[in-house]
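Okay, structure first, notes after.
Letters A, B, ... mirror the listed sequences (proteins, then strands); counts begin at 1. These numbers were taken from a predicted model, which means no experiment stands behind them. Computation of the quantities below employed the complete heavy-atom set of this structure, encompassing side-chain atoms and omitting hydrogens, waters and symmetry-equivalent molecules.
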Amino acid sequence: MESESQPSVQRPRLTLPRTARVTHGSDFERAWKLGSRARGELLVVVANRNGLEGARVGLSVGKKIWKRAVDRNRVRRIFREAFRLTRHDLPGGHDYILVPAAPKLEPTLAATCRELARLGPKAVARLREKQAGGNPAT
RNA sequence: UGAGGCGCCUGGACGGUCGCUCCGCCGCAAGGUGGGGAGGAAAGUCCGGGCUCCACGGGUCAGGGUGGUUGUCAACGGCAACCGGCCGCGAGGCCAGGGAAAGUGCCACAGAGAACAGACCGCCUCGUGCGGGCGCCUUCGCGGGCGGCCGCGCGGUAAGGGUGAAACGGUGCGGUAAGAGCGCACCGCGGACCUGGUGACAAGUCCGGCACGGCAAACCCCACCCGGAGAAAGAUCAAAUAGGGAAGGACACGUGGCGACGACCCUCGUCCAGGGCCUUCCGGGUAGAUCGUUCGAGGCCGGGCGCGAGGUCGGUCCCAGAGAAAUGGCCGUCGCCCCUCGCGGGGAGACAGAACCCGGCUUACAGGGCGCCUCACGCC
RNA sequence: GCUGCUGUAGCUCAGUGGUAGAGCACUUCCUUGGUAAGGAAGAGGCCAAGGGUUCAAUCCCCUUCAGCAGCU
């Protein structure tokens, strides 16, 4: 944590512009159809190639998870903040759809960051495996 | 001091830092900079409107809603004041609160009787029949007469008991064989008149003599109101692909018509084979984009009007606008609550998240605060 | 965003303004050497919650809470 103040690695600023968000329904549908998944304690990560430079995030928090809109917003904001902090450590060129793993979880930011950093690359690796085995052309 | 009633407000504050979104300015751009950024319920979607599109000659019926009166309002099933009923010692609270002498229907069980009422237990001995025994009078006696008693029946009665949610007015006095609106007084009920009030209604006088049980959130009747859908409404722009129309061109020999999956027929002289391409423009329109989309029956302050809901005049302010959907993360100080005698320290922090916009209603809500009023006790 | 439907025994469902029922399941007994089937008896319900109308509400009315379905 304290090593971040070192100037040795020139880290980019931790922003989250709209270009880093999945904003189209068709992108979501492609991810559900073609993407690979990795499941953890708190969240499920669905990864799919997007043909762009950086990583993008999409949030999918359904009404079954929490009944109240306040709680759903809470989960969304934690997921979004976790992606903002870990976004440059994840493999680029992919869309990541984040889904709560189970109903009525109360994720903390630190735990979500850890899981996202672990599950993101895992899902991307599975995607490569799948595409190499099945269809070689993208 | 304690217990309570009513109305209302608030819903942590400040700072640093990393981000998000909208607007203004600077910049070719990347970006920089200044400012705004959830609620009283944003909720449920129970009502009412604005707005948009669709439908529409008028009337009637059907269907739905509302239901004291007068107001208020853009409108309402909201709100205010008043009226009536019920509850509370009281401040106050609650009420779908029109019509049951237009009609239909229902009122279980219990009970004698339940909607043109009824007579079980009782009560009565005025009337009447039978039986029993008693007293008195009369008779030698049998017998007869009179009086009153008991039982059974006819009869009278509806006060009392009992049943029920409800029993065909209530209480008291008179009256009677016992009783009964049978009579009287008061109350209730009904009718008429009159007074006050815009009105709901209230007060008063007179009369009637009780006739008219309840349920319309049962059907229904009466009065009034209501066209449908909803911003994913709707409007504008508009790729790619396919297809439609028009013009021009190229290729080709076949072209065109009727017609039909192949046949066949007609026209130019017959038969066979085959082609249907390119460019430009037009219109519809999908993905997508933009608008609708936040200045409004708006907030705040003040004046005068009204009991009040509210209305009016003047001043002032601009106060969220996303779109797989911003309003968040981390840190610090103070404040509040809980644990602890205390210092210190630790923990918790309600209900809940805008999606076209308003007016209400309803529901949820840790804690804190304000105002007015009532009752009880104590002291002066 | 809008609309509709359903909440009754452990489960699946009836029911209607007047003491709430059926089938399966459960308990006990009989039958059998034993089990199943069969027979007999029994238990189990604040009819989703809160108000209101009514003499009386599972039923009628209002509000709330769940669950399900549909339209776009």
Can you get from [X] to [Y] by hopping between Ile, Leu, Val, Met, Phe, Trp and Tyr side chains that sit under 4.5 Å apart?
{"X": "A:L42", "Y": "A:L98", "value": "yes"}
{"X": "A:I65", "Y": "A:W32", "value": "no"}
{"X": "A:L119", "Y": "A:V124", "value": "yes"}
{"X": "A:V45", "Y": "A:V75", "value": "yes"}
{"X": "A:Y96", "Y": "A:L127", "value": "no"}

Under 4.0 angstrom, heavy atoms only, what part of the nucleic acid is [X] near: base, sugar-phosphate, or nothing?
{"X": "A:G25", "result": "base"}
{"X": "A:R56", "result": "nothing"}
{"X": "A:R80", "result": "sugar-phosphate"}
{"X": "A:R76", "result": "nothing"}

Practice prompt. Could you check A:S26 against A:L109 and say which one's nearest nucleotide on RNA chain B is further toward the 5' end?
Written response: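 Counting from the 5' end, the first nearest nucleotide belongs to A:S26.
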
Discussion item. Closest-nucleotide mapping onto RNA chain B: is A:V22 or A:N73 further toward the 5' terminus? I mean the 5' end.
Written reply: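 With A:V22 and A:N73 compared, the 5'-side residue is A:V22.
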
[atom1] atom, [N] versus [M]: distance in rounded Å?
{"N": "C:G17", "M": "C:U54", "atom1": "C1'", "result": "9 Å"}
{"N": "B:A355", "M": "B:G321", "atom1": "C1'", "result": "9 Å"}
{"N": "B:C361", "M": "C:U63", "atom1": "P", "result": "15 Å"}
{"N": "B:G92", "M": "B:G40", "atom1": "P", "result": "31 Å"}
{"N": "B:C154", "M": "B:A165", "atom1": "C1'", "result": "39 Å"}
{"N": "B:G32", "M": "B:G314", "atom1": "C1'", "result": "44 Å"}
{"N": "B:G84", "M": "B:A91", "atom1": "P", "result": "16 Å"}
{"N": "B:U157", "M": "B:C207", "atom1": "P", "result": "31 Å"}

Worksheet item: In Å and rounded to the nearest 0.5 Å, what is the CG to CG distance from A:L16 to A:L85?
Response: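 Separation between the atoms: 9.5 Å.
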
Worksheet item: Once you round to the nearest 0.5 Å, how far does CZ of A:R21 lie from CZ of A:R18?
Response: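 The CZ atom of A:R18 is 5.5 Å from CZ of A:R21, to the nearest 0.5 Å.
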
Specify the separation, in whole Å, of atom [atom1] of [X] and atom [atom2] of [N].
{"X": "A:R74", "N": "B:U327", "atom1": "CZ", "atom2": "C1'", "answer": "14 Å"}
{"X": "A:H24", "N": "B:G288", "atom1": "NE2", "atom2": "P", "answer": "7 Å"}
{"X": "A:R72", "N": "B:G328", "atom1": "CZ", "atom2": "P", "answer": "17 Å"}
{"X": "A:R18", "N": "B:U21", "atom1": "CZ", "atom2": "P", "answer": "6 Å"}
{"X": "A:L59", "N": "B:C20", "atom1": "CG", "atom2": "P", "answer": "15 Å"}
{"X": "A:K63", "N": "B:A325", "atom1": "NZ", "atom2": "P", "answer": "17 Å"}
{"X": "A:I78", "N": "B:G19", "atom1": "CD1", "atom2": "C1'", "answer": "15 Å"}
{"X": "A:R68", "N": "B:A364", "atom1": "CZ", "atom2": "C1'", "answer": "11 Å"}

Pair partner, [N] [Watson-Crick or wobble, under 3.5 Å]:
{"N": "B:C82", "value": "B:G68"}
{"N": "B:G259", "value": "none"}
{"N": "B:C186", "value": "B:G170"}
{"N": "B:A55", "value": "none"}
{"N": "B:U21", "value": "B:G36"}
{"N": "B:U205", "value": "B:A192"}
{"N": "B:G244", "value": "B:C282"}
{"N": "B:A376", "value": "B:U1"}

Worksheet item: Thinking salt bridges, do A:R56 and A:D27 make one under a 4.0 Å N-O criterion?
Response: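 A salt bridge links A:R56 with A:D27.
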
Discussion item. Does this structure show an ion pair linking A:R126 with A:E129, if we count only N-O contacts that are shorter than 4.0 Å?
Written reply: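 Looking at A:E129 together with A:R126, the answer is no, because their closest N to O distance does not fall below 4.0 Å.
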
For [N], glycosidic torsion class - syn if within 90° of 0, otherwise anti:
{"N": "B:U294", "result": "syn"}
{"N": "B:A38", "result": "syn"}
{"N": "C:G34", "result": "anti"}
{"N": "B:C281", "result": "anti"}
{"N": "B:G40", "result": "syn"}

Worksheet entry | Base B:G353 paired with A:R77 side chain (donor-acceptor, <3.5 Å) |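 Yes, a donor-acceptor pair under 3.5 Å.
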
Worksheet item: Should the heavy atoms of other residues, nucleotides or ligands under 6.0 Å from CZ of A:R72 be counted, would the total exceed 12?
Response: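 More than 12 heavy atoms, drawn from other residues, nucleotides or ligands, come within 6.0 Å of this atom.
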
Worksheet entry | A:R80 atom CZ, over 12 foreign heavy atoms within 6.0 Å |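 Enclosed: over 12 neighbouring heavy atoms sit under 6.0 Å from CZ of A:R80.
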
Item to complete: Can you figure out which of B:A324, B:G328, B:C20 approaches the side chain of A:F28 most closely?
Response: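 The closest nucleotide is B:A324.
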
Item to complete: Can you figure out which of B:G353, B:G328, B:C20 approaches the side chain of A:E81 most closely?
Response: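 Between B:G353, B:G328, B:C20, the one nearest the side chain of A:E81 would be B:G328.
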
Worksheet item: According to a strict under-4.0 Å criterion, is A:R84 in side-chain N/O contact with OP1 or OP2 of B:G19?
Response: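 So the side chain of A:R84 is outside the cut-off, no N or O lying under 4.0 Å from OP1 or OP2 of B:G19.
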
Worksheet item: Quick one: is B:G323 close enough that its OP1 or OP2 comes under 4.0 Å of any side-chain N or O from A:R21?
Response: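 Negative; the distance criterion is not met.
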
Item to complete: Can you run through RNA chain C from 5' to 3' and write each base as (, ), [, ], | or . depending on how it pairs? Watson-Crick or G-U wobble, both distances under 3.5 Å.
Response: (((((((..((((....[..)))).(((((.......))))).....(((((..]....)))))))))))).

